[in-house]
Amino acid sequence: MSDPQQEQPAQLAPMPDDWRRALAVVAHPDDLEYGCSAAIAAWTDAGREVAYVLATRGEAGIDTLEPARCGPLREREQRASAAVVGVSEVEFLDHEDGVVQYGPALRRDIAAAVRRHRPELLITLNHRDTWGGVAWNTPDHVAVGRATLDAAGDAGNRWIFPDLLDQGLQPWDGVRWVAVAGSSSPTHAVDAGPGLDRAVASLLEHRTYIEALTKEDPESYARALLTGYARAAGERFGGRPAVAFEVFSR
């Protein structure tokens, strides 16, 4: 009988790669940069199309900046951050930061984005109540992650949100996978090595947010954080630095 203490965690499978278009849907500016932009850099390098949709502009995210100033600033930083990893399409759904509500309105907005972009791969952030049972997740992350999982199916059903047809948004049932970043139950991974430096540079574009968050040197902070995440995921990916996802097939 094997000793459970000696058993190693299961290795992560490589992410599916037979797709051309991906759509990443998250709640706030910087959500993608805290962990999965190295994968996005690798995908755009390979000629795949990736677009971003953000539910909010992150206007409530910096205590020292009132929302009217913070929102436009964080939008600019997000667009610059996306450009670093080869993403040119960044949309904002204009839900209110901090109080995003899970429900039909959010599902409808995300389903509309899926119909516009017609991705095969949908990416979102941890939709569970906690980060690995250790830290409480934010309501916005939970709402947007859950609504994105639901919208993958909503987008393909013409009888759900039929008003989208009046906008010329035909059903899209082509989402084959939903990949959840930041999950405590990952199943797949992407080699982070080639895109890691750009991932650090991408996170650094959120300088205003980082400087409000920590007194550390921003570059040292960003590099240590992302390198640590990649190294931890890599322990289950053959020792290579990695970005991990929990992948749901459809």
Backbone N/O of [Y] and side chain of [X]: donor-acceptor pair under 3.5 Å:
X      : Y      : answer
Asp109 : Leu106 : no
Thr44  : Val85  : yes
Arg74  : Gly58  : yes
Thr138 : His141 : yes
Gln11  : Phe237 : yes
Arg176 : Trp19  : no
Asp97  : Thr56  : no
Asn126 : Thr130 : yes

Can a salt bridge be assigned to the pair [X] and [Y] using a cut-off of 4.0 Å between side-chain N and carboxylate O?
X      : Y      : answer
Arg198 : Asp45  : yes
Arg223 : Asp197 : yes
Glu235 : Arg231 : no
Arg116 : Glu91  : yes

| After noting the C-alpha distance and the side-chain angles of Met15 and Trp43, does the key distance pass the side-chain contact (heavy atoms from CB on, under 4.5 Å) rule? | CA-CA 11 Å; Met15 277 285 289; Trp43 291 330; 4.0 Å; yes
Does any non-hydrogen side-chain atom of [Y] lie less than 4.5 Å from one of [X]?
X      : Y      : result
Pro14  : Asp17  : no
Arg20  : Glu120 : yes
Glu33  : His206 : yes
Pro16  : Asp18  : yes
Leu23  : Arg118 : no
Leu54  : Pro29  : yes
Val134 : Trp131 : no
Ser88  : Arg79  : no

Do you know which two heavy atoms are closest between [X] and [Y], and how far apart they sit?
X      : Y      : answer
Ala151 : Arg107 : CB-O, 4.0 Å
Arg158 : Arg115 : CA-NH2, 3.9 Å
Ala192 : Ala230 : CB-CB, 4.2 Å

| Can you get from Leu32 to Leu73 by hopping between Ile, Leu, Val, Met, Phe, Trp and Tyr side chains that sit under 4.5 Å apart? | no
| query | Do you know which of Val114, Leu121, Thr148 makes side chain to side chain contact (heavy atoms under 4.5 Å, CB included) with Val175? | reply | Val114
| query | Which one of Val178, Leu12, Val190, Thr124 satisfies the side chain to side chain contact (heavy atoms under 4.5 Å, CB included) criterion with Phe245? | reply | Val190
Do [X] and [Y] get their side chains close enough for a donor-acceptor pair, meaning under 3.5 Å?
X      : Y      : answer
Thr208 : Glu77  : yes
Asp140 : His95  : no
Ser183 : Glu246 : yes

| Would Arg250 count as a cation-pi partner of Trp177, with NZ or CZ less than 6.0 Å from the six-membered ring centre and within 45° of the ring normal? | no
| message | Here's one to test your reading of the geometry: is the NZ or CZ of Arg146 within 45 degrees of the ring axis of Tyr102 and under 6.0 Å from its centre? | response | yes
| message | Please determine whether the number of non-hydrogen atoms from other residues, nucleotides or ligands lying under 6.0 Å from atom CG of Asp163 exceeds 12. | response | yes
| query | To the nearest 0.5 Å, how far apart are CG in Asp30 and CG in Leu213? | reply | 8.5 Å
| task | Could you check His28 against Gln78 for side-chain contact (heavy atoms from CB on, under 4.5 Å), going step by step and ending with a plain yes or no? | result | CA-CA 9 Å; His28 314 109; Gln78 180 60 67; over 6 Å; no
